[in-house]
Amino acid sequence: MAILELRDVRYTYQTQYQKVEALKGVSHSFEAGKVYAIVGRSGSGKTTLLSLMAGLDLPTSGQVICGGKSTAEMKLERYRREQVAVIYQSFRLFPLLTVAENVMYPMELRGISPRKAKKRAAELIAKVGLPESALDRYPTMLSGGEQQRVAIARALGMETGILLADEPTGNLDTANSEIISSLLCELAHKDGYCVVIVTHDMGLAAKADCVIELRDGEVKE
């Protein structure tokens, strides 16, 4: 059963001088427990599609359906907080917060007490394969691969069933890319997350259960 669904999703950028049709009727369904890779050349519409799935904007026409309800019928801020979690290429960790504080941040926004959030942060840091000592470090004290694992732990702290990843291995070397791709696959196949990855990394895409290729805003059959 689909946890997330795209129905004839179209998106048009309007500038002062022209219209750009970035997405031209994309339809697809996404299930829990699977990894999906969205691939395609630069300008094919990958990032635009992911932003719509993340609730950063609404389609020009068509629908993004989550839990049987269109994002157009939801408060997008609440959708982003409760339904989806996004992992970015640039990590987007708060540099002045410790690792523990970064992971705790979305939990505290949901009203979880600091004591419970700190305990859960320790569990999640262990889950992504980092030592307990990492909790008191700052992001700049970690390698790129370690920072990405912290970003994944923070996403898991949001307790959503959908993980959206935008080029999660784009800033990483081969060894760390392998660690991150294996972790994302494990989260889907063992823990039941729906993992959707936009990537240029064909090694990562090869591990996905389903590869969706976009070409000029359309799904290439």
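Heads up: numbering here begins at 1 and tracks the sequence. Reckoned from all heavy atoms, side chains included, excluding hydrogens, waters and symmetry mates.
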Would you call [X]-[Y] a salt bridge at under 4.0 Å N-O?
X: Glu108; Y: Lys116; result: no
X: Glu73; Y: Lys69; result: no
X: Arg80; Y: Glu77; result: no
X: Glu123; Y: Arg120; result: yes

**Report entry** Single hit among Thr169, Asn171, Asp166 for side-chain hydrogen bond (donor to acceptor under 3.5 Å, both in side chains) with Gln89
**Finding:**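 Of the listed residues Thr169, Asn171, Asp166, the side-chain hydrogen bond (donor to acceptor under 3.5 Å, both in side chains) partner of Gln89 is Asn171.
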Query - Residue pair Arg41, Arg215: steps toward the side chain to side chain contact (heavy atoms under 4.5 Å, CB included) verdict - result: CA-CA 7 Å; Arg41 294 180 179 179; Arg215 182 178 295 178; over 6 Å; no
Expected output: side-chain [X] to main-chain [Y] donor-acceptor under 3.5 Å:
X: Ser44; Y: Asp216; value: no
X: Glu5; Y: Ser27; value: no
X: Asp191; Y: Tyr193; value: no
X: Arg137; Y: Leu142; value: no
X: Asn102; Y: Leu97; value: yes
X: Gln148; Y: Pro168; value: yes
X: Glu167; Y: His200; value: yes

Would a single hydrophobic cluster contain both [Y] and [X], if residues Ile, Leu, Val, Met, Phe, Trp and Tyr are joined by side-chain heavy-atom contacts under 4.5 Å?
X: Met202; Y: Val211; answer: yes
X: Ile152; Y: Phe94; answer: no
X: Ile87; Y: Met107; answer: yes
X: Leu124; Y: Val84; answer: no

Interatomic distance, [X] atom [atom1] to [Y] atom [atom2] [nearest 0.5 angstrom]:
X: Ile197; Y: Cys185; atom1: CD1; atom2: SG; result: 6.5 Å
X: Leu52; Y: Gln63; atom1: CG; atom2: CD; result: 13.0 Å
X: Leu156; Y: Ile125; atom1: CG; atom2: CD1; result: 9.5 Å
X: Ser51; Y: Lys46; atom1: OG; atom2: NZ; result: 12.5 Å
X: Leu163; Y: Met158; atom1: CG; atom2: CE; result: 9.5 Å
X: Leu49; Y: Leu23; atom1: CG; atom2: CG; result: 5.5 Å

Query - Positive for side-chain contact (heavy atoms from CB on, under 4.5 Å) with Leu214, one of Val219, Val39, Val198 - result: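 So the option named by the test is Val219.
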Looking only at side-chain N and O atoms, does [Y] offer a donor or acceptor that is under 3.5 Å from a partner on [X]?
X: Asp136; Y: Thr98; result: no
X: Tyr11; Y: Ser61; result: no
X: Lys207; Y: Ser181; result: yes

Report task. May I ask you to decide if the ring planes of Phe30 and His28 are parallel, tilted or perpendicular, using 30° and 60° as cut-offs? Result ->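 The arrangement is tilted - the two ring planes meet at 30° to 60°.
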Query - Test log, rule side chain to side chain contact (heavy atoms under 4.5 Å, CB included), inputs Lys34 and Val195 - result: CA-CA 6 Å; Lys34 291 186 177 181; Val195 178; over 6 Å; no
Requested in this report: Carefully, step by step, assess Arg92 and Arg154 under the rule side chain to side chain contact (heavy atoms under 4.5 Å, CB included).
Outcome: CA-CA 10 Å; Arg92 295 200 182 181; Arg154 181 176 62 184; 4.0 Å; yes
Query raised in the report: Does atom OH of Tyr88 have more than 12 heavy-atom neighbours, drawn from other residues, nucleotides or ligands, at distances under 6.0 Å?
Result: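 Above 12, so yes.
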Requested in this report: Go through Leu4 and Met53 one step at a time and tell me if the side chain to side chain contact (heavy atoms under 4.5 Å, CB included) criterion holds.
Outcome: CA-CA 8 Å; Leu4 186 66; Met53 296 168 72; 3.4 Å; yes
